[in-house]
Participant: 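I'd like to ask some things about the structure below.
Predicted model only: the values in this text are computed from it and were never measured. Per chain, numbering begins at 1; letters A, B, ... match sequence-line order.
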Protein chains: 2
Amino acid sequence: MELRHLRYFQAVAEELSFSRAAKRLHVAQPALSRAIKQLEHVLGAEVLERTRHHVRLTPAGAVLLRETAGLLQYVEEAMRRVRRIIGALCEK
Amino acid sequence: MELRHLRYFQAVAEELSFSRAAKRLHVAQPALSRAIKQLEHVLGAEVLERTRHHVRLTPAGAVLLRETAGLLQYVEEAMRRVRRIIGALCEK
DNA sequence: CAATGTTACGATACACGTAATCATA
DNA sequence: TATGATTACGTGTATCGTAACATTG
């Protein structure tokens, strides 16, 4: 499992649409479809319910989205902290 | 930046040795060397000081290690939470 | 010169995009 | 039947491992 899987999932879960998420991420739908499938395979559960005009989160998906949001935010903040300190170190 | 980079970095930083970390991760040294270089490129700073018989953390590396440890632990716990809840959902 | 990290290089695997297919509202 | 997700398929990129090289204690 890599961050890519979670970033893709978050986009689809927020947009509730593979096509919109694909545009937002600047990738093609199939890339998303595959990444989500991998994620589901790893977790052993479906996270999105696909029904042509509706994409909905499954209960498992709702849980995953919450955790994903927290995790990706953590990543961003951690990287920001690192960069800031590195910046300070370089000025010395 | 993917989790792979951080997992590799953590192993090297903890072992203070590319060769030992490589064994532990079941990959060859060059893979580690490259991943660390990518990480350093992304961050714009060296995180490890290589001197044949000693690998040491740079100040930036020390910061990164702390953040990495927290982050990877967060990932693990988040995944555990998700799996646990998914497990509970499936039993219904 | 011995131990260990890095580069070079060829091979493999993985992710991607395009196009075709399938499914539903 | 029109929209949007998936599968098939070929391609390109990225990662890997082996081997050669460089470096330093």
Participant: Rounded to the nearest angstrom, tell me the gap between atom NE2 in B/His53 and atom P in D/dT24.
Facilitator: 12 Å
Participant: Check whether any side-chain heavy atom of B/His5 sits under 4.5 Å from a side-chain heavy atom of B/Glu2, and report yes or no.
Facilitator: yes
Participant: Base, sugar-phosphate alone, or nothing: which one does B/Glu2 contact when heavy atoms must sit under 4.0 Å apart?
Facilitator: nothing
Participant: Given side chains that start at C-beta, do those of A/Arg56 and A/Leu48 come closer than 4.5 Å, heavy atoms only?
Facilitator: no
Participant: Please give, in whole Å, the distance from C/dG5 P to B/Leu25 CG?
Facilitator: 13 Å
Participant: Closer to the 5' end of DNA chain C via nearest nucleotide, is it B/Arg20 or A/Leu32?
Facilitator: B/Arg20
Participant: Round to the nearest Å and state the distance from A/Ile36 atom CD1 to C/dA15 atom C1'.
Facilitator: 14 Å
Participant: For the pair made of NZ in B/Lys23 and C1' in C/dA3, what is the distance, rounded to whole Å?
Facilitator: 12 Å
Participant: From C-beta outward on B/Pro30, which listed nucleotide comes closest to its side chain: D/dA5, C/dG5, D/dA19?
Facilitator: D/dA19
Participant: Rounded to whole angstroms, how far apart are NE2 on B/His26 and P on D/dG17?
Facilitator: 12 Å
Participant: Rounding to an integer number of Å, can you tell me how far A/Lys37 NZ sits from C/dC14 P?
Facilitator: 18 Å
Participant: At under 4.0 Å between heavy atoms, what does B/Glu49 touch on the DNA or RNA strands: base, sugar-phosphate, or nothing?
Facilitator: nothing
Participant: When you check the phosphate oxygens OP1 and OP2 of C/dG5, does a side-chain N or O of B/Ser19 lie under 4.0 Å from one of them?
Facilitator: yes
Participant: Salt bridge or not between A/Glu40 and A/Arg50? Use side-chain N to carboxylate O under 4.0 Å.
Facilitator: yes
Participant: Check this for me: B/Glu15, atom CD, are more than 12 non-hydrogen atoms of other residues, nucleotides or ligands nearer than 6.0 Å?
Facilitator: yes
Participant: Between A/Gln38 and C/dA15, is there a contact of a side-chain N or O with OP1 or OP2 at under 4.0 Å?
Facilitator: yes
Participant: Looking at A/Gln29, does any N or O in its side chain come under 4.0 Å of the phosphate oxygens OP1/OP2 on D/dT7?
Facilitator: no
Participant: Roughly, in whole Å, what's the span from NE2 in A/His5 to C1' in C/dC16?
Facilitator: 13 Å
Participant: Please determine if a side-chain N or O atom of A/Thr51 lies less than 4.0 Å away from the OP1 or OP2 oxygen of C/dA25.
Facilitator: yes
Participant: Which part of the nucleic acid, if any, lies within reach of A/Ala28 when heavy atoms closer than 4.0 Å are counted: base, sugar-phosphate only, or nothing?
Facilitator: base
Participant: Would you call A/Leu65 and A/Gln10 a side-chain contact if the rule is heavy atoms closer than 4.5 Å?
Facilitator: yes
Participant: Compare side-chain N and O positions of A/Ser17 against OP1 and OP2 of D/dG4 and report whether any pair is under 4.0 Å apart.
Facilitator: no
Participant: So A/Arg4, base contact, sugar-phosphate only, or nothing? Heavy-atom distance under 4.0 Å.
Facilitator: sugar-phosphate
Participant: Need to verify one output field. Residue with the more 5' nearest nucleotide on DNA chain C, B/Arg34 or A/Tyr8?
Facilitator: B/Arg34
Participant: Whole angstrom is fine here: how far is it from CZ in A/Arg50 over to P in D/dT6?
Facilitator: 4 Å
